[in-house]
Amino acid sequence: MAKILVFTEHSNGHIKNVTLEILGRLSSHQVDVCAVGDLGSDSEKKLAEYGALNIHIIKGSHLEKYSPEGYADSLKKLVEAQGYDFVFSGSTSMGKDLMPRLSSMFCAGMVSEVVNFSFEGEHFKGIRPMFAGKCLSQVEFLGTKPHFVTVRPNALGMSDPTNKGAGKKNDIAAVACEIKAIIKEMVKSKSDKPDLTEANIIVSAGRGLKSKDNFAIINELADVLGATIGASRALVDAGEAPHSMQVGQTGKVVSPSLYIACGISGAIQHLAGMRTSKIIVAINTDPQAPIFEKADYGIVGDLFKVVPQLTQELKKIL
Amino acid sequence: MNIFVCVKQVPDTETKVVPSADKTYIETKQVKWVMNPYDEFAVEQALLIKGKDASANITVVRVGSVQASAEALRTAMAMGADDAVLVESPDNLDSFMMAKALKGSIEKAGKSIDLVLCGKQAVDDDCSQVPQILAQMLSLPSVSVVSSFEWQGNDLTLKREIEGGSIEVYSVKTPCVVSVTKGLNQPRYASLPGIMKAKKKPLAQYPLSAVGVSEADRKIKYSNVSLPPDKPKGKKFDAMDEKNIQQVVSEVAQLLRNEAKVI
């Protein structure tokens, strides 16, 4: 049976849901988890509930802040010492940065951002989007193990805990290594909303919003739903929204359970970035807009009139 | 200062994707090729550095198929890069092969490396792996997805946005590898004199085998490339007439709650 390690990042012990999504999908395998720095008993308990047999906690004074060089070096030593065949991580900012470097240390393959996967014995088969989701491809590994996989958040979905992991904690003192790229400062976001890539609900605005001065009506709808706010490329390129808000092929690829597109016509590169949303609501004055082809619920109407009334309606029922 | 910028040619983002007959990639005959959008920011960053340090040399490097109609390397040289290396290969190399080929191409230029700039990902396979693998292969530090780039001599201060809009501020010295994202700068257009000059700038061309890469280096097998399943047709409501809006939003809110069960 394949030996599997799941790397989980955390912020002060808070682990990301994608770790549990991965563990849930691996419930019929023997899986260990590793993290850098203490997770705390709540997260350890949760990981055990989702099947973690051993929980490796890597510590070192050189690892107090994230560093691709330092993290990769300590993970490499763990993977070698324990002989893991597969290493999984969420396809998060950290996972995307760290895992390619780690895979390269082993001259081994890595598949990025799978949205589904299965094992046939020890043979991994994954499904991953390409061209921002315009097409899907099956991916398999060639060459020697270990093999590395990142998984897109929100794609696998949460499963019920199995309560069969021992969750045995194993502290590891990392050997210091040279770190050349150092985080000297962290600027915390003022927003307490989840990132677009992890959001459960997204309200997005497009060219129809005309100006950033009109974001108030989008903000109000988002507040009622606890949603994160996105924007189309047209609005970003017009300088009315920052790139960090852009959804689409040259922005963020998202898969929330609810995506509300306000004044977005649905250019092919935008659709590519949000088509895997579970439910899509579109509000647009043009009944021929391509976004309506993908919308579960399409409202042909003026967003400046429809959005405020929708906000009021949702306030009543939520 | 020797700056290397890795660029890739990718199908334009407006391309309608069609799987190839053998389903291992997409049909490329009708594709309009462009420079990977994120790589434009990398080229511009190199030019901004050269703008302040005229002694800087910018080499653009590309691994990929040769198309007569478009050449991202000539575009980059028209923008102001000094010379170029092209390694001819199929368009479906995996990230490991691509990074190994880029390493070989950079070494072919025969210059010491101060800075390697890349786009954060290519918008074809969307792997976001190559810059970090390349950094490891070159034994260099890397910072990825950089949206702010300041430099003073060989000290770089780089900002990288992570989840939720928080920002990691990195301090790193050259030589290093930096992958960049949108928002970093505004790529310039090539001027007409620039385009004329670019035709005379040196472009070295090699086969993939000359940089030590073969099919044996392939780590990932792609198959069954297919279009995502179409969604069933949704419900559409007319709210152009203001009188209908209340009725429509009330119905949609109920559907979201009771049919879709997402709120």
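Below, read A as the first sequence line, B as the second, and so on, with proteins coming before strands; counting in each chain starts at 1.
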Applying a strict 4.5 Å limit to non-hydrogen atoms, the region of A:Ala199 in contact with chain B is neither

d(B:Gln247 CD, B:Ile245 CD1) to nearest 0.5 Å is 12.0 Å

| query | Which is it for B:Lys159 and B:Glu161 under the side-chain contact (heavy atoms from CB on, under 4.5 Å) test, yes or no, and what are the steps along the way? | reply | CA-CA 7 Å; B:Lys159 289 183 183 163; B:Glu161 190 180 304; over 6 Å; no

If one checks every heavy atom of A:Lys125 against chain B at 4.5 Å, the contacting part turns out to be neither

| Do A:Asp195 and A:Thr228 pass the side-chain contact (heavy atoms from CB on, under 4.5 Å) test, and can you show the C-alpha distance, the side-chain angles, and the key distance before you say yes or no? | CA-CA 7 Å; A:Asp195 191 66; A:Thr228 301; over 6 Å; no

Looking only at side chains, do A:Ser255 and A:Asn154 share a donor and an acceptor under 3.5 Å apart? no

Going through the distances and angles, do B:Lys235 and B:Glu251 end up as a side-chain contact (heavy atoms from CB on, under 4.5 Å)? CA-CA 11 Å; B:Lys235 295 177 178 151; B:Glu251 198 169 333; over 6 Å; no

Counting heavy-atom pairs under 4.5 angstrom with chain A, the leader among B:Met137, B:Lys173, B:Gln246 is B:Gln246

Listed by number, the residues in residues 283-291 of chain A that come under 4.5 Å of chain B (heavy atom to heavy atom) are A:Thr285, A:Pro287

Looking only at heavy atoms, the pair that brings A:Val139 and A:Ile127 closest together is CG2-N, 4.4 Å

Of A:Gln312, A:Glu293, A:Gln249, the largest count of non-hydrogen pairs under 4.5 angstrom with chain B goes to A:Gln249

The interface call for A:Glu198 against chain B, heavy-atom contacts under 4.5 Å, is side chain

Cut-off 4.5 Å, heavy atoms of chain B, and the answer for A:Val253 is neither

Counting heavy-atom pairs under 4.5 angstrom with chain A, the leader among B:Val262, B:Leu134, B:Thr13, B:Ile162 is B:Thr13

Under 3.5 Å, is there a donor-acceptor pair between the A:Arg128 and A:Ser112 side chains?
no

When the 4.5 angstrom heavy-atom criterion is applied to A:Leu102 and chain B, the contacting part is neither

> Just by distance, with hydrogens left out, do B:Glu259 and A:Tyr297 show a side-chain donor and acceptor under 3.5 Å apart?
Replying inline: yes

If one checks every heavy atom of A:Gln309 against chain B at 4.5 Å, the contacting part turns out to be both

Checking heavy-atom separations under 4.5 Å from chain A, one finds in residues 117-130 of chain B B:Lys120, B:Val123, B:Asp124, B:Asp125, B:Asp126, B:Cys127, B:Ser128, B:Gln129

Show the numbers, then the answer: is there a side-chain contact (heavy atoms from CB on, under 4.5 Å) between B:Val34 and B:Thr75?
-> CA-CA 10 Å; B:Val34 296; B:Thr75 308; over 6 Å; no

When the 4.5 angstrom heavy-atom criterion is applied to A:Lys252 and chain B, the contacting part is side chain

State whether a side-chain donor-acceptor pair under 3.5 Å links A:Asp97 with A:Tyr66. yes

Among residues 89-97 of chain B, residues within the sub-4.5 Å heavy-atom range of chain A, in order of number, are B:Phe96

When the 4.5 angstrom heavy-atom criterion is applied to A:Gln138 and chain B, the contacting part is both

Under 4.5 Å to a heavy atom of chain B? For A:Ile317 that would be both

If one checks every heavy atom of A:Phe292 against chain B at 4.5 Å, the contacting part turns out to be side chain

Honestly, the part of A:Ala295 sitting under 4.5 Å from a heavy atom of chain B is backbone

For residues 20-32 of chain B against chain A, heavy atoms under 4.5 Å, the residues are B:Tyr25, B:Ile26

Under 4.5 Å to a heavy atom of chain B? For A:Glu178 that would be neither

Do the side-chain N and O atoms of A:Arg233 and A:Gln246 include a donor-acceptor pair separated by under 3.5 angstrom?
no

Per-residue tally against chain B (heavy atom, under 4.5 Å) across A:Ala72, A:Pro100, A:Gly301, A:Gly109 peaks at A:Pro100

Ranking A:Ala132, A:Gly143, A:Ser91, A:Ala272 by heavy-atom pairs under 4.5 Å to chain B gives rank one to A:Ala132

Looking only at B:Val145, B:Val143, B:Thr15, most heavy-atom pairs under 4.5 Å shared with chain A are made by B:Thr15

Most heavy-atom pairs under 4.5 Å with chain A, out of B:Pro228, B:Ala260, B:Ala253, B:Ser142, belong to B:Pro228

CG (B:Leu255) and CD1 (A:Ile279) are apart, to the nearest 0.5 Å, by 9.5 Å

Heaviest contributor of heavy-atom pairs below 4.5 Å to chain A, chosen from B:Ile167, B:Val172, B:Asn244, is B:Ile167

One option among B:Gly183, B:Gly234, B:Ser223, B:Pro11 has the most heavy-atom pairs under 4.5 Å with chain A, and it is B:Ser223

When the 4.5 angstrom heavy-atom criterion is applied to A:Lys316 and chain B, the contacting part is side chain

